[in-house]
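What you see below is based on every heavy atom in this structure, not just the backbone, and it leaves out hydrogens, waters and symmetry mates.
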Amino acid sequence: MVLYKVEDAGVCVRGKRVLEPLTFLLKEGSKTLVLGANGSGKSTLLKLLAGIIKPSEGEIWFRNRTISQWLKDDQRSFRRLVGYLFQQVEAMLFNLTVFDEIAFGPRQLGMEGAEERTLQMARTLGIEELLDESPWRLSGGQQQKVALAAILVTEPQVLLLDEPTSALDPRFTGWLIDFLADWKGTLVVSTHNLSLAGEFGDQALILSEDHRLLFAGLLEEALSDEALLRTANLTHRHRHHHGGLTHSHYHLHDWS
């Protein structure tokens with residue numbers, strides 16, 4: 001079943017094009033990577049799918065209703081169904097304590113047992129000891145865990161994650177990969193890190209540096225197309241030194 005239908009949706013900000021009109025479908029239960037170099041429009045695309053910004057042209061449907069109509073008729077249901085993790089997670093944090101940060105969503109949505117849900121989610125993510133702390137006193141990785149907990153606690157059916165591992169240590173990155181592999185909902189993850197791409201899904205949307213949709217299809221197919229990856233600036237080239245010999249070629253791994 002089609003979950004999202006995006007038709008000629010583009011975004012202009014103050015007369016500047018930040019996302020060219022693009023068209024694609026996302027199915028229920030799919031796991032999709034949004035790939036592109038920094039500045040290609042990945043965050044803008046996720047914000048469109050999350051209903052945080054509106055397209056300047058075109059339209060986006062979610063379960064056979066435009067997102068604009070969802071937000072007009074039943075915004076609370078849409079916000080519970082769709083969880084969005086910002087790339088700059090500090091923009092999501094505004095409560096005095098971590099406990100209140102995680103509990104905010106269940107309380108606002110009128111979910112029963114908000115306090116118990118909060119404690120359980122903190123235990124799941126291993127951040128129980130932070131519950132009385134101020135979110136602004138935490139490290140970047142800790143803030144990312146708190147923001148993720150605040151999303152997961154409302155039990156969304158769709159997760160939109162913008163560079164979710166950017167501030168995480170290897171141990172928690174591994175936990176997140178395992179968690180998302182077992183998660184039954186629809187997943188969209190943006191990243192420019194090809195070394196992690198295959199861990200998050202099997203579908204891909206690839207954006208160019210001039211904000212166009214270059215590819216929509218199987219991730220495996222995209223990763224095998226070196227010309228496509230070079231066009232999207234998702235590969236890098238550097239010199240290798242082997243004894244007295246030096247050569248250079250393109251690499252598909254990521255330094256970050």
Side-chain angles (χ1 to χ4, degrees), residues 2-62 67 82 84-88 158-166 180 186-238 248-256:
V2 172
L3 177 68
Y4 281 101
K5 182 172 72 170
V6 179
E7 282 195 352
D8 296 322
V11 179
C12 287
V13 177
R14 302 186 192 91
K16 180 180 178 181
R17 176 72 69 178
V18 296
L19 198 64
E20 295 289 345
L22 61 157
T23 298
F24 61 88
L25 301 175
L26 293 180
K27 293 183 178 180
E28 292 266 9
S30 60
K31 294 187 177 182
T32 303
L33 275 291
V34 180
L35 299 170
N38 288 335
S40 60
K42 300 188 301 296
S43 295
T44 299
L45 176 54
L46 261 66
K47 288 176 181 176
L48 284 173
L49 298 179
I52 293 173
I53 62 175
K54 296 180 180 179
S56 305
E57 57 199 292
E59 194 56 86
I60 303 176
W61 279 262
F62 177 81
I67 291 181
V82 180
Y84 174 60
L85 180 73
F86 282 68
Q87 183 176 1
Q88 292 81 25
V158 181
L159 281 178
L160 308 173
L161 307 180
D162 195 353
E163 299 282 1
T165 63
S166 60
L180 294 176
T186 304
L187 177 67
V188 183
V189 178
S190 79
T191 185
H192 63 276
N193 189 339
L194 290 185
S195 64
L196 286 176
E199 305 293 344
F200 289 121
D202 56 10
Q203 302 292 313
L205 300 169
I206 298 183
L207 299 177
S208 67
E209 291 181 288
D210 58 356
H211 322 299
R212 295 179 295 108
L213 181 63
L214 291 176
F215 177 89
L218 292 174
L219 176 63
E220 183 179 6
E221 180 182 339
L223 294 182
S224 66
D225 189 337
E226 293 188 22
L228 170 66
L229 298 176
R230 286 199 298 272
T231 299
N233 194 22
L234 288 169
T235 61
H236 66 269
R237 185 183 184 105
H238 66 269
S248 66
H249 56 84
Y250 284 99
H251 290 261
L252 303 184
H253 61 263
D254 194 283
W255 276 324
S256 60

Original post:
When you check the side-chain N and O atoms of Ser30 and Gln203, is any donor under 3.5 Å from an acceptor?
Top reply: no
Original post:
Rounded to the nearest 0.5 Å, what separation is found between the CZ atom of Phe62 and the CG atom of Leu3?
Top reply: 4.5 Å
Original post:
Distance from Thr231 atom OG1 to Ile206 atom CD1, nearest 0.5 Å?
Top reply: 10.0 Å
**OP:** List in chain and number order the residues that pass salt bridge (Lys or Arg N to Asp or Glu O under 4.0 Å) with Glu221, two or more places apart in sequence or in another chain; answer none if no residue qualifies.
**Re:** none
Subject >> Ile67 CD1 to Leu48 CG distance, which is reported to the nearest 0.5 Å >> reply: 7.5 Å
Subject >> Residue that, paired with Val34, satisfies side chain to side chain contact (heavy atoms under 4.5 Å, CB included) out of Val188, Leu161, Asp162 >> reply: Val188
Original post:
Restricting to pairs with a member in residues 11-24, which pass side chain to side chain donor-acceptor pair (under 3.5 Å), not counting sequence neighbours?
Top reply: Asp8-Thr23, Arg17-Glu57
Original post:
Less than 4.5 Å apart, any side-chain heavy atom of Thr191 and any of Thr165?
Top reply: no
Subject >> Main-chain N/O of Leu214 paired with Ser208 side-chain donor or acceptor, under 3.5 Å >> reply: no
Original post:
Leu205 versus Leu22: any side-chain heavy-atom pair under 4.5 Å?
Top reply: no
**OP:** Could I get the full list of side-chain contact (heavy atoms from CB on, under 4.5 Å) partners for Gln88, not counting sequence neighbours?
**Re:** Glu90
Original post:
Quick one: CG on Leu213 to CZ on Phe24, what's the gap to the nearest 0.5 Å?
Top reply: 7.0 Å
Subject >> Minimal non-hydrogen separation, Leu33 against Ala197, with atom names >> reply: CD2-O, 3.4 Å
Subject >> Candidate pair Leu159 and Leu180, rule side chain to side chain contact (heavy atoms under 4.5 Å, CB included), full reasoning >> reply: CA-CA 10 Å; Leu159 281 178; Leu180 294 176; 3.9 Å; yes
Subject >> Selection residues 29-50 - residue pairs positive for salt bridge (charged side-chain N to carboxylate O under 4.0 Å, His left out), sequence neighbours left out >> reply: none
**OP:** Taking the side chain as every heavy atom from C-beta outward, state whether Trp61 and Val2 have any atom pair closer than 4.5 Å.
**Re:** no
Original post:
Where is the tightest heavy-atom contact between Ser43 and Tyr84, given as atom of each residue plus distance?
Top reply: O-OH, 4.1 Å
**OP:** Give the minimum heavy-atom separation between Ser56 and Cys12, together with the two atoms involved.
**Re:** OG-N, 2.8 Å
Subject >> Results of salt bridge (Lys or Arg N to Asp or Glu O under 4.0 Å) for Asp202 - residues two or more places apart only >> reply: none
Original post:
Rounded to the nearest 0.5 Å, how far apart are CG of Leu160 and CZ of Phe86?
Top reply: 11.0 Å
Subject >> Nearest heavy atoms of Gly41 and Leu19, plus distance in Å >> reply: O-CD1, 3.9 Å
**OP:** Decide yes or no for Leu229 and Leu194: does some side-chain heavy atom of the first lie under 4.5 Å from some side-chain heavy atom of the second?
**Re:** yes
**OP:** Please confirm whether the backbone N or O of Gly29 pairs with a side-chain atom of Thr186, one donor and one acceptor, at under 3.5 Å?
**Re:** yes
**OP:** List in chain and number order the residues that pass side-chain contact (heavy atoms from CB on, under 4.5 Å) with Ser224, two or more places apart in sequence or in another chain; answer none if no residue qualifies.
**Re:** none
Original post:
Looking only at heavy atoms, which two atoms of Gly39 and His211 are closest? And how far apart?
Top reply: O-CE1, 3.0 Å
Original post:
Out of curiosity, Leu219 CG to Thr32 OG1, how far, rounded to the nearest 0.5 Å?
Top reply: 9.5 Å
